[in-house]
Amino acid sequence: MAEPRTASTPSTPAAAPARPAERAPEPAPAGAPASGAARPPLRHRLAERGIDRMLLLLLPAVATLIALFLYPMLYGVGLSLQPRSGGIFANYVAFFTDPYQSGTVWKTMRLALPAALFNVLASVPIAYRLRGRFRGKRLLTAILVLPVTLGTVLVADGILRYFGPRGWFNRVLLELGLIDEPLRLIYNYWGVLFSLIITGFPFAFLLVLSYMSGIDPTLERAAATLGAGPWQRIRRITLPLLAPGLATTFILSFVLAFSVFPSANLVGEPADETRVMAIAAYQAAFEKYDYTMASTIAVLMGAFELVVIALVLLWRGRMYTGHTGGKGA
Amino acid sequence: MSGGVVETVRPRDGFHALRMEGVTRRFGSAVALNDLNLTIKGGEFIALLGPSGCGKSTALNCLAGLLPLSGGSIWLDDRRIDTLPPERRGFGMVFQNYALFPHLSVRKNVGFGLAIRKVPKDEMRRRVDEALKLVELTEHADKLPGQLSGGQQQRVAIARAIVIRPRLVLMDEPLSNLDAKLRLQMRTEIRRLHQSLGLTTVYVTHDQEEALALADRIVVLRGGRVDQVGTPEQVYTDPVNTYVAGFMGYRNLLRLPVVSRGGDRAVLAEPGLRLTGTVREEFTGEAAIAAIRPDDFRLARGGDGAERDGVRITVEVVEFHGREVAVEGVTETGRVIHCRLAERVAPGDTIDVYAPPERVLVYGPGGETGE
């Protein structure tokens with residue numbers, strides 16, 4: 001905070017932290033006596049509108065956002081509109097007319113949507129049980145969250161061993177006589193889905209748990225005294241208050257799952273069933289060296305995500321999203 | 001208020017008596033409520049009074065079914081109810097933070113219990129309208145709770161609890177989040193509803209004034225045990241021990257040497273102080289505690305017939321309270337005396353005050369004096 005000291009005396013840089021704020025308005029009246037007593041100093045008028053030195057705290061974030069996000073994104077959009085041949089939309093036309101490329105949209109959706117949905121829905125009962133305080137909550141939460149710290153590669157390795165034809169999962173089912181031959185659960189759609197669930201669940205769970213903790217537990221108790229049984233309390237009180245949080249969690253989980261890349265390669269079938277959009281973009285960029293097409297696919301990934309997000313937000317907009325009475329709200 | 005309102009909101013099935021027998025609740029090794037025995041008659045207004053941690057909220061939650069009992073039983077006439085879940089007890093409860101459902105309109109909040117009971121639409125509408133009228137919130141029916149003031153939210157909470165025609169209304173410090181003026185207003189409102197609807201109410205509070213003003217009977221709790229059960233008059237004028245006395249505004253609790261005993265009178269004295277009091281608690285020994293309310297002190301004038309009794313104090317602080325002043329003074333032995341006097345005195349004055357023997361309550365030396 002060295003820059004904003006222009007107006008005040010530079011001789012006391014070590015003044016108590018509270019003082020510069022008190023003293024700050026002083027130089028302004030001295031500098032603007034001509035404007036008359038009726039008009040408060042400019043600094044005050046700006047502060048009334050929320051413009052003061054505190055805004056400088058935003059500077060690093062804004063700079064980072066522009067340099068590392070906004071500029072590359074606009075650059076990518078520009079790149080996608082400069083195809084190697086044809087008009088400016090030629091890449092987009094090519095993507096949608098080639099089933100090999102356009103099919104990746106569906107392949108990505110059918111992985112990301114169920115994975116995000118499952119992660120959100122599976123989090124609800126667990127978070128419901130774990131809200132409030134009890135012994136061992138931190139340990140249990142830590143165990144549930146552990147997979148987030150594991151890399152995708154480690155998870156993929158685990159999946160290959162566990163769900164493989166000779167893995168425990170199949171061996172148990174075979175021993176129990178539930179199946180006659182091993183289920184094919186790796187190097188295809190299922191492997192990638194399991195991977196997305198294992199790595200995405202902790203994230204969704206933590207979010208849902210914090211939303212759940214934000215709901216005042218007295219509300220359910222009040223509903224109970226009014227005659228509502230356990231299921232009615234959940235359906236009429238907890239779920240409606242939780243739903244906006246679930247929508248948000250779903251969006252974030254979906255975005256995470258939509259950009260799936262490593263596990264689609266490692267435990268999926270990247271040539272066919274799990275050739276997701278990220279793989280298509282990667283191949284365009286690093287196998288065909290067509291950066292314009294890669295950019296096009298990346299832009300389309302964003303566009304399809306935005307469509308899903310918009311639909312969810314539209315649904316969320318119809319819900320009560322205010323105060324839920326708890327400490328977290 | 002029209003007669004119709006009373007008829008539709010009045011509890012359908014009353015009861016003769018609700019009995020709590022040896023109700024005990026432990027949290028781990030801590031005993032929050034120990035062997036509470038209490039019979040509540042239908043139509044009665046009971047206040048559970050005590051400081052935080054005395055077990056009053058625990059008792060209420062046990063009644064509501066929100067906390068299982070560690071021991072004892074609760075009976076509604078001949079039916080044992082402590083094993084029923086809260087939703088099957090049919091008691092209305094008003095929570096300290098109101099616990100209004102934030103996503104439902106005022107109308108739906110009030111109608112929640114009726115919707116759960118699958119009351120037909122027209123009847124539900126009529127009863128909700130009447131309950132809202134009763135608490136004067138008709139024009140706010142379609143707002144969300146967040147758009148209401150604290151007092152209005154409080155009234156929604158009350159309407160929501162009484163619209164189901166509960167056999168028993170439980171209130172957990174319902175006024176503690178309101179400002180002073182509103183609190184007085186709502187206090188009258190609660191008593192009015194209780195009387196006009198013939199409700200049976202159990203009311204938890206830490207405010208003795210609230211308890212005295214509202215209740216037919218007061219239960220004073222301390223550390224999970226009952227110290228005294230009685231009418232406001234009994235508890236106020238005749239507390240059973242110094243703890244209850246202290247809670248009832250007997251600010252002067254003085255541990256003093258006993259000079260003489262005769263019948264139910266005792267004389268306590270030390271230099272600069274002599275009090276004749278009424279013995280409330282048997283004791284043996286040389287010392288006892290005198291409990292005196294500040295407003296029972298009078299300024300002693302020469303030849304007032306109180307020349308032998310009296311306390312000489314040097315005035316230290318004088319607070320203006322309109323018709324009276326609240327005086328804090330010290331005796332020559334350094335005891336702090338609180339009194340309320342009609343006369344104007346100034347800090348530094350030396351005055352003599354006395355209290356009539358029937359208003360000086362003498363307890364055994366073992367009690368609490370808050371010193």
Side-chain angles (χ1 to χ4, degrees), chain A residues 124 127-129 131-137 208 210-249 312-329, chain B residues 28 57 60-61 63-67 84-105 108-119 143-148 153 156-174 202:
Chain A
V124 174
Y128 185 76
R129 183 64 193 82
R131 88 214 140 116
R133 282 185 292 176
F134 60 89
R135 276 175 61 133
K137 174 173 179 174
V208 172
S210 82
Y211 281 114
M212 190 76 87
S213 311
I215 299 174
D216 183 359
T218 339
L219 296 179
E220 275 204 23
R221 290 151 53 107
T225 62
L226 291 167
W231 172 240
Q232 282 170 313
R233 303 202 282 269
I234 292 173
R235 194 172 63 82
R236 288 173 179 262
I237 305 299
T238 308
L239 280 184
L241 290 174
L242 191 65
L246 295 184
T248 307
T249 310
V312 176
L313 285 181
L314 214 61
W315 174 64
R316 185 182 184 271
R318 293 172 43 212
M319 293 184 267
Y320 170 83
T321 53
H323 181 63
T324 53
K327 55 183 158 42
Chain B
S57 289
L60 200 73
N61 284 321
L63 265 177
L66 297 171
L67 271 180
L84 292 179
E87 62 267 24
R88 292 186 47 207
R89 295 196 188 187
F91 297 166
M93 183 149 172
V94 179
F95 291 81
Q96 185 172 8
N97 66 355
Y98 318 141
L100 299 180
F101 308 130
H103 59 303
L104 300 179
S105 67
K108 288 199 168 153
N109 260 282
V110 175
F112 187 86
L114 301 177
I116 294 287
R117 285 166 175 71
K118 300 203 162 55
V119 170
K143 288 186 182 168
L144 287 177
Q147 296 167 291
L148 302 180
Q153 293 187 18
V156 177
I158 292 173
R160 186 178 69 175
I162 61 174
V163 79
I164 59 172
R165 299 176 186 163
R167 288 185 279 221
L168 184 66
V169 181
L170 307 167
M171 298 198 181
D172 189 2
E173 307 221 18
V202 179

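Below, chain A is the first sequence line, B the second, and so on; all start at residue 1.
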Exercise. Walk me through it: do A:Leu226 and B:Ile116 pass the test side-chain contact (heavy atoms from CB on, under 4.5 Å)?
Key: CA-CA 8 Å; A:Leu226 291 167; B:Ile116 294 287; 5.7 Å; no

Quiz item: So B:Val94 and B:Arg160, side-chain contact (heavy atoms from CB on, under 4.5 Å) or not? Walk me through it.
Solution: CA-CA 8 Å; B:Val94 179; B:Arg160 186 178 69 175; over 6 Å; no

Quiz item: Going by atom types alone, do A:Thr321 and A:Arg316 pair a side-chain donor with an acceptor below 3.5 Å?
Solution: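 No, A:Arg316 and A:Thr321 have no side-chain donor paired with an acceptor closer than 3.5 Å.
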
Quiz item: Checking B:Phe95 against chain A: side chain, backbone, both or neither under 4.5 Å from a heavy atom?
Solution: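 Just its side chain gets close to chain A.
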
Self-check item: B:Leu100, part contacting chain A, at a heavy-atom distance under 4.5 Å
Solution: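 The backbone, not the side chain.
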
Quiz prompt | Check: B:Leu63 main-chain N/O paired with B:Arg89 side-chain donor or acceptor under 3.5 Å | solution =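 Yes; judged by distance alone, with no hydrogens or angles, the pair exists.
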
Quiz prompt | chain B contact via A:Arg233 - which portion, at a heavy-atom distance below 4.5 Å | solution =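 It is the side chain, since no backbone atom gets that close.
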
